[in-house]
Each structure stands twice: as C-alpha cells, then as structure tokens.
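We count residues from 1, following the sequence as given.
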Amino acid sequence: MYKAAVLTVSDRSFQGLRPDGSGPLVASLLEGAGYEVVETAVVPDHQPDIEAALIRLCGPVRAALVVTTGGTGFSPRDVTPEATLAVCGRMVPGIPEAMRAASLAVTPRAMLSRGTAGLRGGTLIVNLPGSPKAARENLEAVLSALEHGLDMLLGGPGDCAAESPD
C-alpha cells in the first residue's frame, strides 16, 4: 500500500467560498484503489503556495503519489502545471497524454487541459482538472497503471518484462 496525498488548488475553496468537491472525491477513489491517503489540503491558485505544498507533501509527508486537482485550465491564475514543472526533476508525459486521450472520448474540451505529471525524488505528482466529473474521468483513465509506476520508482516488485494483467 502506497501513501498518497491530495492537493486541491482553488482560490474559492481556500477562502471557504465554495466547498471542495474534487479533493474528497479523488481521495475516495485513491482509497478504493488501495492507497493510504495520508493528507488532503487546499491551497490558493498562487504558484509559490502550490510549490511549497508539493515540496512538503513529497518531503516531510513522504507521499509516494501526490494528486492535484484544479488550476490546469487557461485562466491567468491556473498555474498548477507550472508549479509542478518547477518542483519536478523528471516529467512523465504519458500520464497526461493518456488522461487527455480518454477524456477526449467524452468532450472535445479535454484538449484544453494543461495538466502534467512528474517525479520529485520518490514521489509521482499528477495534475487533474478541478471539476469533480473531469477529475474522476481523468484519474480513472490512469489509476490502474500508477501502482506499477510507483513500483518502478521505488524499487518495488514491478517487473516491466512481465505480462500486463490487461
């Protein structure tokens, strides 16, 4: 069982003006997939705050997986991908490519997501859109592959040469 953390990026939720619908949903999906969700947090759409939260969740909290929700669109305050890029040493382009491909089957607006994924030390960070519906669709598109990626990242039992269970 890997530790996971969920970070909601939303000015309105941070200020208490709107309930966080995506964060609890993402946490529930992760728990249902066998992850131990060790923390959920809400930060404003402010790049230094997002970066600080990501660094903390990857460092002292020691989450193997950090999933963000929100801040991936075109609004000038949507800077979650930039914060993720700033704190990651290596990027994982296949994850957001798979999420956008799956989401395009639902809506052409999926191509507008700027979400990314990357590695910071022993942590995988994945950006999801902010709406609960889109967050669910995107996470479900990649959730089955994440454990194997974490196995490889953290030296677990994953074997790339083994046959895929799918």
Side-chain angles (χ1 to χ4, degrees), residues 2 4-35 37 39-47 49-51 53-54 57-58 63-88 90-120 123-150 152-153 164-166:
Y2 287 111
V6 179
L7 181 65
T8 299
V9 180
S10 168
D11 286 334
R12 285 181 241 149
S13 292
F14 182 76
Q15 295 168 358
L17 301 174
R18 178 177 67 194
D20 176 13
S22 296
L25 171 66
V26 168
S28 175
L29 291 170
L30 291 171
E31 288 169 345
Y35 290 86
V37 177
E39 185 170 332
T40 60
V42 180
V43 295
D45 290 283
H46 184 241
Q47 188 168 339
D49 291 339
I50 301 165
E51 289 178 21
L54 291 172
L57 293 170
C58 295
L65 174 65
V66 175
V67 179
T68 70
T69 178
T72 62
F74 282 17
S75 166
R77 294 203 40 89
D78 287 339
V79 293
T80 304
E82 287 76 14
T84 302
L85 288 166
V87 302
C88 287
R90 297 185 292 159
M91 303 314 296
V92 186
I95 292 172
E97 288 169 4
M99 291 189 304
R100 280 187 281 274
S103 197
L104 275 168
V106 178
T107 176
R109 292 182 181 178
M111 69 181 77
L112 302 177
S113 174
R114 297 182 321 104
T116 191
L119 303 172
R120 178 179 176 82
T123 302
L124 170 62
I125 301 172
V126 177
N127 300 155
L128 301 177
S131 85
K133 180 179 183 297
R136 173 187 292 277
E137 290 168 357
N138 280 258
L139 183 57
E140 287 177 343
V142 299
L143 191 54
S144 65
L146 296 183
E147 184 176 354
H148 180 67
L150 293 173
M152 291 188 303
L153 178 64
S164 171
D166 296 330

Asks: Looking at Ile95 and Ala117, what are the two nearest heavy atoms and their distance?
Replies: CB-CB, 4.0 Å
Asks: Is there a side-chain contact between Val92 and Leu119 (heavy atoms, below 4.5 Å)?
Replies: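 Heavy-atom side-chain distance check passes, below 4.5 Å.
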Asks: Can you tell me how far the CG atom of Leu7 sits from the CG atom of Leu128, to the nearest 0.5 Å?
Replies: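 Those atoms lie 11.0 Å apart.
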Asks: Are the side chains of Glu82 and Glu51 in touch, meaning some heavy atoms are under 4.5 Å apart?
Replies: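 They are not in side-chain contact.
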Asks: Using modelled atom types only, decide if a donor and an acceptor are shared between the side chain of Thr80 and the backbone of Thr72 within a distance under 3.5 Å.
Replies: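 Here the side-chain-to-backbone pair does not exist.
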Asks: With the side chain counted from C-beta on, respond yes when Arg136 and Pro132 share a heavy-atom pair under 4.5 Å apart, and no when they do not.
Replies: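 When only atoms from C-beta onward are counted, Pro132 and Arg136 do not touch, as no gap falls below 4.5 Å.
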Asks: Are Leu139 and Thr69 packed together at the side-chain level, in the sense that at least one heavy-atom pair is separated by less than 4.5 angstrom?
Replies: no
Asks: Considering non-hydrogen atoms only, spot the tightest contact between Leu65 and Tyr35 and give its length.
Replies: CD2-CE2, 3.9 Å
Asks: Could you give the distance from CE (Met111) to CG (Leu104), rounded to the nearest 0.5 Å?
Replies: 5.5 Å
Asks: Between Leu54 and Arg120, is any pair of side-chain heavy atoms under 4.5 Å apart?
Replies: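 When only atoms from C-beta onward are counted, Arg120 and Leu54 do not touch, as no gap falls below 4.5 Å.
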Asks: Roughly how far, to the nearest 0.5 Å, is the CE atom of Met99 from the CG atom of Leu143?
Replies: 11.5 Å
Asks: Quick check: closest heavy atoms across Ser10 and Arg18, and the distance to 0.1 Å?
Replies: OG-NH2, 3.1 Å
Asks: Taking the side chain as every heavy atom from C-beta outward, state whether Tyr2 and Leu150 have any atom pair closer than 4.5 Å.
Replies: yes
Asks: Checking side-chain polar atoms at under 3.5 Å, does Asn127 have a donor or acceptor matched by the opposite partner on Thr84?
Replies: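 Their side chains do contain a donor-acceptor pair, which is all the 3.5 Å distance test asks for.
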Asks: Where is the tightest heavy-atom contact between Leu124 and Leu153, given as atom of each residue plus distance?
Replies: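 Looks like N-CD2, 4.1 Å.
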Asks: Counting only heavy atoms from other residues, nucleotides and ligands, does the tally under 6.0 Å from CD of Glu147 exceed 12?
Replies: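 No, not enclosed.
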Asks: Is it true that atom CZ of Arg77 has more than 12 heavy atoms of other residues, nucleotides or ligands lying nearer than 6.0 Å?
Replies: yes
Asks: CG/Leu25 to NZ/Lys133 distance, rounded to the nearest 0.5 angstrom?
Replies: 12.0 Å
Asks: In the structure I gave you, are the side-chain heavy atoms of Cys88 and Ile125 within less than 4.5 Å of one another anywhere?
Replies: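 Cys88 vs Ile125: side chains touch.
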Asks: Is the CZ atom of Arg109 crowded by more than 12 outside heavy atoms at less than 6.0 Å?
Replies: no
Asks: Less than 4.5 Å apart, any side-chain heavy atom of Asp49 and any of Phe14?
Replies: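 The answer is no, as the side chains (C-beta and beyond) never meet within the 4.5 Å cut-off.
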Asks: Looking only at heavy atoms, which two atoms of Ala141 and Ala102 are closest? And how far apart?
Replies: CB-CB, 3.5 Å
Asks: With no hydrogens and no angle check, is any side-chain donor or acceptor of Asp20 less than 3.5 Å from a backbone partner on Ser22?
Replies: yes
